[in-house]
Trainee: 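Right, I'll just put the structure down here and ask away after.
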Amino acid sequence: MATDTATALSRCRNCGFEAPGGDEAWLRLEVPKLGRMTQCPNCESTDVITRR
């Protein structure tokens with residue numbers, strides 16, 4: 001069974017910004033040796049958690 005990503009909510013642990021996981025509201029950046037990271041559009045933090 002496929003996981004419904006629409007129910008996953010991501011939150012910035014720095015400023016509290018929330019949006020669905022994978023939503024276009026989040027910024028994405030490529031970091032050498034770490035890969036792709038999610039970045040908060042409000043405070044530019046990468047300390048983001050996703051909960052279902």
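Every heavy atom of this structure was used, including side-chain atoms; hydrogens, water molecules and symmetry mates were not. Only a predicted model underlies this, so the values are computations on that prediction, with no experimental measurement involved.
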Trainee: Under a 4.5 Å cut-off applied to non-hydrogen side-chain atoms, are Cys40 and Cys15 in contact?
Mentor: yes

Trainee: When you compare the side chain of Arg28 with that of Met37, does any pair of heavy atoms fall below 4.5 Å?
Mentor: no

Trainee: Quick one: CG on Asp47 to OG1 on Thr38, what's the gap to the nearest 0.5 Å?
Mentor: 11.5 Å

Trainee: Would you say Ser10 and Pro20 make side-chain contact, with heavy atoms under 4.5 Å?
Mentor: no

Trainee: What are the two closest non-hydrogen atoms of Asn14 and Cys43, and how far apart are they?
Mentor: ND2-SG, 3.2 Å

Trainee: To the nearest 0.5 angstrom, please state how far the OG1 atom of Thr50 sits from the CD atom of Glu18.
Mentor: 10.5 Å

Trainee: Does the pair Leu29 and Arg36 meet the rule for a side chain to side chain contact (heavy atoms under 4.5 Å, CB included), with working shown?
Mentor: CA-CA 6 Å; Leu29 41 124; Arg36 191 174 198 185; over 6 Å; no

